[in-house]
K.L.:
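Below is a structure I'd like to ask you about.
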Amino acid sequence: MGVVNVTPDSFSDGGFFFSTENAIKQARKLIEEGADILDVGGESTRPGSLPVSVDEELRRVIPVIEALAGEKTLISVDTSKPEVMRQAIIAGVDIINDVNALRNSGALAVLAENDRVLACLMHMQGCPASMQNNPTYHNIVQEVYDFLEERIQLITTLGVARDRLIIDPGFGFGKTLQHNFEILNNLEYFTRLQTPLMVGISRKSMLGAVTGNPANRRIHESVAAALIAVNNGARIVRVHDVKATKDALSFYCAVQKNNDIK
Ligand code: 7PJ
């Protein structure tokens, strides 16, 4: 999954793609690089960021989604707002990627009303404005697991088929470096939920904490993180650097296949 930001304050690219035209250009580049899914987002969720209005978010994402709707690539919208979800579905998205796991009022109804789109449910402790202040857990892996299991249970009870759901432990969303390490090392545990596992680590601060590189120079450590994630059970990786990640994963898959045959 390639990230297409339509935000002025996105941490990883300095808001460079904040215009419809630039976002579409970036999306087409990621398609050429081999993205299977494009994740279009109009609201920054970086730590400390503040929400944008529904109208502003619609103004950012809808024209980009409409322009990409004819492509073979699946389109995802990174939003927590029911109205944005609804309009994005009309504009042609295939996946709702909600960092708030459909907890906003009215979000569950959007998915239940529709019988086509998939939803990615992500774990977050707190909200972006304050989530990194003092994230606390007794058992991070079990707590994130229990949260996702509860969300799956509730949503399927409403009549949404389980095979329309994707789960994501939410790296960096109300988590310290140690919490992120624990989740990455125990990713396999989440596959018990029998729902495709997605992760987003690309260019995040947990990488910079180790290498000291600024966000836009974290390609190598991002690729390493994607490989570890896939090796530990992830099926979708949300990344900024599609070509580099694809190449690494192609090699990984070739080795795995060879191992299967023998
Ligand atoms: C994630 C996301 C993630 C999912 C962002 C960033 C911050 N959606 N949206 N998982 N991160 N599902 O790109 O660093 O980890 S925005």
Side-chain angles (χ1 to χ4, degrees), residues 1-17 23 26 30 35 37-52 57 60-61 74-81 84-85 88 93-104 107 117-129 131-132 135 144 147-148 151 165-175 177 179-180 183-184 187 190 195-209 213-216 218-219 221-222 225-226 228-230 234-242 245:
M1 172 187 277
V3 179
V4 179
N5 285 318
V6 206
T7 54
D9 60 348
S10 165
F11 83 99
S12 56
D13 54 31
F16 183 74
F17 299 109
Q26 171 68 0
L30 298 182
I37 309 169
L38 292 173
D39 189 36
V40 181
E43 176 177 66
S44 174
T45 49
R46 66 190 286 188
S49 64
L50 298 171
V52 299
E57 201 176 321
R60 293 178 186 183
V61 300
L74 294 177
I75 310 295
S76 153
V77 64
D78 190 344
T79 190
S80 296
K81 296 188 180 71
V84 176
M85 295 174 186
V93 295
D94 306 283
I95 304 172
I96 305 287
N97 172 29
D98 184 359
V99 298
N100 208 26
L102 306 177
R103 283 181 292 172
N104 284 20
V117 299
L118 311 182
C120 179
L121 311 170
M122 199 197 78
H123 174 272
M124 168 168 56
Q125 186 182 80
C127 61
M131 65 189 178
Q132 291 308 106
V144 172
F147 169 83
L148 294 171
R151 295 307 292 165
L165 302 177
I166 298 164
I167 52 165
D168 184 332
F171 284 96
F173 284 83
K175 291 161 188 96
L177 180 61
H179 293 143
N180 289 324
I183 293 177
L184 189 52
L187 216 46
F190 295 93
T195 305
L197 180 59
M198 168 161 138
V199 303
I201 307 177
S202 182
R203 299 192 189 181
K204 283 188 179 170
S205 69
M206 70 181 285
L207 304 167
N213 293 329
N216 62 359
R218 293 177 189 155
I219 300 181
E221 49 276 59
S222 294
I228 297 168
V230 170
R235 286 294 162 267
I236 303 171
V237 281
R238 181 183 179 279
V239 304
H240 299 83
D241 305 289
V242 170
T245 312

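Keep in mind that the numbers below use all heavy atoms, side chains included, and drop hydrogens, waters and symmetry copies. All ligand and atom numbering here is 1-based and tracks the order in the structure.
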K.L.:
As an exercise, identify every atom of ligand 1 less than 4.0 angstrom from a heavy atom of Val99.
P.N.:
2 (C), 8 (N), 9 (N)
K.L.:
Within the side chain of Arg60, is there an N or O that forms a donor-acceptor pair under 3.5 Å with the backbone of Thr7?
P.N.:
no
K.L.:
Could you tell me which atoms of ligand 1, counted from 1 in the order shown, lie closer than 4.0 angstrom to a heavy atom of Thr45?
P.N.:
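Listed by number with element, the hits are 7 (C), 16 (S).
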K.L.:
Kindly say whether Asp39 contributes a backbone atom to a donor-acceptor pair with the side chain of Asp78 at under 3.5 angstrom?
P.N.:
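Looks like no, no N/O pair under 3.5 Å.
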K.L.:
Counting from 1, what ligand 1 atoms have a heavy atom of Met198 closer than 4.0 Å?
P.N.:
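It comes down to these atoms of ligand 1: 4 (C), 12 (N).
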K.L.:
Hey, looking at atom 11 (N) of ligand 1, which of Lys204, His240, Met122 has the closest heavy atom?
P.N.:
Lys204
K.L.:
In terms of atom number and element, which parts of ligand 1 are under 4.0 angstrom from non-hydrogen atoms of Gly200?
P.N.:
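Checking each atom against Gly200, I get 15 (O).
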K.L.:
Heavy-atom contacts under 4.0 Å between Asp39 and ligand 1: side chain, backbone, both, or neither?
P.N.:
neither
K.L.:
Does Leu207 offer a backbone N or O that forms a donor-acceptor pair with the side chain of Arg218 under 3.5 Å?
P.N.:
no
K.L.:
So, are Asp168 and Arg238 salt-bridged, with charged N and O less than 4.0 Å apart?
P.N.:
no
K.L.:
If we only count N/O pairs under 3.5 Å, is Ser202 in contact with ligand 1?
P.N.:
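Ser202 vs ligand 1: no N/O contact under 3.5 Å.
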K.L.:
Is it true that a side-chain atom of Gln132 and a backbone atom of Lys175 form a donor plus acceptor pair closer than 3.5 Å?
P.N.:
yes
K.L.:
Which option out of Arg238, His123, Arg203 puts a heavy atom nearest to atom 5 (C) of ligand 1?
P.N.:
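The nearest heavy atom belongs to Arg238.
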K.L.:
To the closest 0.5 Å, what do you measure between NZ (Lys204) and CZ (Arg46)?
P.N.:
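These two atoms lie 13.0 Å from each other.
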